[in-house]
Amino acid sequence: MDYNSALDASLQRLHDEGRYRTFIDIAREQGQFPHAVWTKPDGTQKDITVWCGNDYLGMGQHPEVLAAMHAALDATGAGSGGTRNISGTTVWHKRLEAELADLHRKEAALVFTSAYIANDATLSTLRLLFPGLIIYSDALNHASMIEGVRRGGGEKRIFRHNDVAHLRELLAKDDPAAPKLIAFESIYSMDGDFGPIKEICDLAQEFNALTYLDEVHAVGMYGPRGAGVAERDGQMHRVDIINGTLAKAYGVFGGYIAASVRMVDAVRSYAPGFIFTTSLPPAVAAGAAASVRFLKGEGGLRLRERHQTQARILKMRLKALGMPIIDHGSHIVPVHVGNPVHCKMLSDMLLENHGIYVQPINFPTVPRGTERLRFTPSPVHGTGEIETLVRAMDELWAHCALNRAEQVA
């Protein structure tokens, strides 16, 4: 076989479909976020504004986070020195897990190197802990959840997105004595819609099922202390396992689960994705703990309020122009384009002509025909940045002769 030709053909297919992913080199400027510097392929540089980042609250540059990281780095050095089982558990890891358990009002928490690994490792390991486990998974669950369910083997049921009636049908068909788990998200990041947490918890109670909730796009962002949508809705105590990230609203790196002591201990003891992975550097754990701690308090509440205000303003301004916004009330602002070539072209023109960086979202992240630009406003995107973005979108939408619509459901 000509391996190089096969690779070339695979890559060419992506180019032909208009969904080849291009990464650009950016340097975020501490204290200046969302502004950054883009180094072009020819070596020249351009000032840009990042509109697609996941540092939702700007905590990646917060003084308390940076101070905690500097202190831990000076005290311990760069790395952790091993897996959690072999010298990689430090006081900083334990402090972080204590902060996370307290955040979610759970008995314990377990930190992983990413929320992807936390989902994959936990969901696949639950099959070992509960033989015969049937997992009921929302059709639009994140790839990490899908992979965890798949790798664990065993029975699975896919229910239509946010369709509680369909979930009930599936639960009712299975053996009442079989162990069951419902896996879903609080915010689905591509459309920005919310999962029906209360209704799913009601079904879990009725059918004696465990619940697994991915709060990745909600932790730090919703609830009185930033514990997520389940906290906001008064349902957190009903969720058995909560998955979250430290790399979005908390502005650092890593992922975790929060659950009962028994559940956390069992996952810690059986999950290969935890056992055989080097632990987070202590400086990262220290910064994450400082961020979680800050966002639990009044400062975090003010940031969340400011964040929601900026998201509402951006959506209102874009809707006024007839932009096809997908608006389900969350902080995520997707603008439907519906064509991968047009989506990439708009992204390129925004970057080159207006210094606005937003990546096109194409298949397989979203279904074909639903390609979009996904904006993530933050408290540090001010009036000037919003005005520049709105004017640029209006100009380019007209230039490209794209349809305008009131809203996309």
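Panel note: side chain S124, backbone G148; no donor-acceptor pair is recorded below 3.5 Å. Checked by atom type and distance alone, the side chain of N243 never pairs as donor or acceptor with a backbone atom of L213 at under 3.5 Å. Put simply, the side chain of T370 never gets that close to the backbone of V366: no donor and acceptor are under 3.5 Å apart. Between the side chain of D233 and the backbone N or O of Q235, no donor-acceptor pair lies under 3.5 Å. Judged purely by atom type and a 3.5 angstrom limit, T76 has no side-chain atom pairing as donor or acceptor with the backbone of P282. Side-chain atoms of Q359 come within 3.5 Å of backbone N or O of T22 as a donor-acceptor pair. Put simply, the side chain of R304 gets close to the backbone of L295: a donor and an acceptor are under 3.5 Å apart. Remark: side-chain polar atoms of R95 are not paired, donor with acceptor, to backbone N or O of A290 under 3.5 angstrom. Under a 3.5 Å cut-off, the side chain of T277 and the backbone N or O of F274 do not form any donor-acceptor pair. Side-chain atoms of S87 come within 3.5 Å of backbone atoms of G81 as a donor-acceptor pair (strictly under, hydrogens ignored).
Side-chain N/O atoms of S144 and N119 include a donor and acceptor closer than 3.5 Å. Between R150 and S137, the side chains place no donor N or O within less than 3.5 Å of an acceptor N or O (distance only, hydrogens not considered). For the residue pair D16 / Q12, a side-chain donor-acceptor distance below 3.5 Å is found, with atom types taken as modelled.
For the pair H217 and Y188, the minimum side-chain heavy-atom distance is 4.5 Å or more. Side-chain contact check for D174 versus Y136: some heavy-atom pair is nearer than 4.5 Å. Using a 4.5 Å cut-off on side-chain heavy atoms (C-beta onward), E305 and Q310 make no contact. A heavy-atom distance below 4.5 Å is found between the side chains of D214 and M145. When side chains are defined from C-beta on, P360 does not count as touching P340, because their heavy atoms never get closer than 4.5 Å. Looking at heavy atoms from C-beta onward, I134 lies in side-chain contact with R157 at the 4.5 angstrom threshold. A 4.5 Å side-chain heavy-atom check between I182 and F207 finds every atom pair outside the cut-off. Looking only at side-chain heavy atoms (C-beta outward), R151 and R127 stay at 4.5 Å or farther from each other.
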Are D193 and H161 close enough, and set up right, to give a side-chain hydrogen bond (donor to acceptor under 3.5 Å, both in side chains), and what steps lead you there?
-> CA-CA 10 Å; D193 56 331; H161 177 53; 2.5 Å; yes

Start with the C-alpha gap between E215 and S186, add the side-chain angles, then the distance that decides, and say whether side-chain hydrogen bond (donor to acceptor under 3.5 Å, both in side chains) holds.
-> CA-CA 5 Å; E215 289 258 36; S186 62; 2.6 Å; yes

Derivation of the ring pair (Phe, Tyr, Trp, His ring centres under 6.0 Å) call for F184 and Y212 | CA-CA 6 Å; F184 63 112; Y212 186 101; 9.0 Å; no

Dump the intermediate steps for salt bridge (Lys or Arg N to Asp or Glu O under 4.0 Å) on D191 and R372, then the final yes or no.
-> CA-CA 10 Å; D191 284 350; R372 65 202 62 182; 2.5 Å; yes

Is there a side-chain hydrogen bond (donor to acceptor under 3.5 Å, both in side chains) between D240 and T211 once you walk through the steps?
-> CA-CA 5 Å; D240 294 295; T211 48; 3.3 Å; yes

Which is it for S279 and R84 under the side-chain hydrogen bond (donor to acceptor under 3.5 Å, both in side chains) test, yes or no, and what are the steps along the way?
-> CA-CA 6 Å; S279 65; R84 290 291 296 273; 5.5 Å; no

Yes or no on salt bridge (Lys or Arg N to Asp or Glu O under 4.0 Å) for E169 and R160, after CA distance, side-chain angles and deciding distance?
-> CA-CA 11 Å; E169 290 176 16; R160 291 186 291 271; 5.0 Å; no

Any chance you could lay out the salt bridge (Lys or Arg N to Asp or Glu O under 4.0 Å) test for R317 and E387, step after step, and finish with the verdict?
-> CA-CA 9 Å; R317 293 290 307 279; E387 183 65 30; 3.0 Å; yes

Apply side-chain contact (heavy atoms from CB on, under 4.5 Å) to Y250 and V65, showing your working.
-> CA-CA 9 Å; Y250 294 117; V65 174; over 6 Å; no

Is there a side-chain contact (heavy atoms from CB on, under 4.5 Å) between T49 and H381 once you walk through the steps?
-> CA-CA 9 Å; T49 301; H381 285 91; 4.2 Å; yes

Please walk me through it: do D120 and F112 pass side-chain contact (heavy atoms from CB on, under 4.5 Å)?
-> CA-CA 11 Å; D120 184 8; F112 293 77; over 6 Å; no

Yes or no on salt bridge (Lys or Arg N to Asp or Glu O under 4.0 Å) for R368 and E17, after CA distance, side-chain angles and deciding distance?
-> CA-CA 10 Å; R368 298 179 193 275; E17 294 175 22; 3.1 Å; yes

With ring pair (Phe, Tyr, Trp, His ring centres under 6.0 Å) as the test, would you mind laying out the steps for Y256 and H104 before giving the verdict?
-> CA-CA 11 Å; Y256 65 89; H104 292 290; 5.6 Å; yes

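The nearest pair of heavy atoms linking R19 to P364 is NH1-CD, 3.8 Å. Taking every heavy atom of both residues into account, A249 and V219 meet most closely at CB-O, 3.1 Å. Among all heavy-atom pairs drawn from V380 and P34, the shortest one is O-CD, 3.1 Å. Shortest non-hydrogen contact noted between L280 and H93 is O-NE2, 2.7 Å. Scanning both residues, S347 and L373, for their nearest heavy atoms gives CB-CD2, 4.2 Å. The minimum heavy-atom distance linking L126 with M263 is given by the pair CD2-SD, 3.9 Å.
Rounding to the nearest 0.5 angstrom, the gap separating the OG atom in S114 from the CD1 atom in I117 is 4.5 Å. Taking CE from M59 and CG from L246, the interatomic distance works out to 11.5 Å, rounded to the nearest 0.5 Å. Rounding to the nearest 0.5 angstrom, the gap separating the CE atom in M393 from the CG atom in L314 is 9.0 Å. To the nearest 0.5 Å, the span separating NE2 on H342 from CH2 on W397 amounts to 10.5 Å. Between N208 atom CG and L203 atom CG the span is 13.0 Å, to the nearest 0.5 Å. The distance from atom CG of L396 to atom CG of L350, rounded to the nearest 0.5 Å, is 5.0 Å.
A cation-pi arrangement is absent between R13 and Y20, since the terminal nitrogen or guanidinium carbon is not both under 6.0 Å from the aromatic centre and inside a 45° cone about the axis.
In summary, D265 and R268 engage in a salt bridge, as defined by a charged side-chain N under 4.0 Å from a carboxylate O. By the 4.0 Å N-to-carboxylate-O rule, K344 lies too far from E371 to be salt-bridged with it. With salt bridges taken as basic N to acidic carboxylate O contacts below 4.0 Å, none links E64 and R293.
D55 pairs with exactly one of H62, R28, Q61 by the side-chain hydrogen bond (donor to acceptor under 3.5 Å, both in side chains) rule, that one being R28.
Qualifying ring pair (Phe, Tyr, Trp, His ring centres under 6.0 Å) partners for H354, counting only residues two or more places apart in sequence or in other chains: none.
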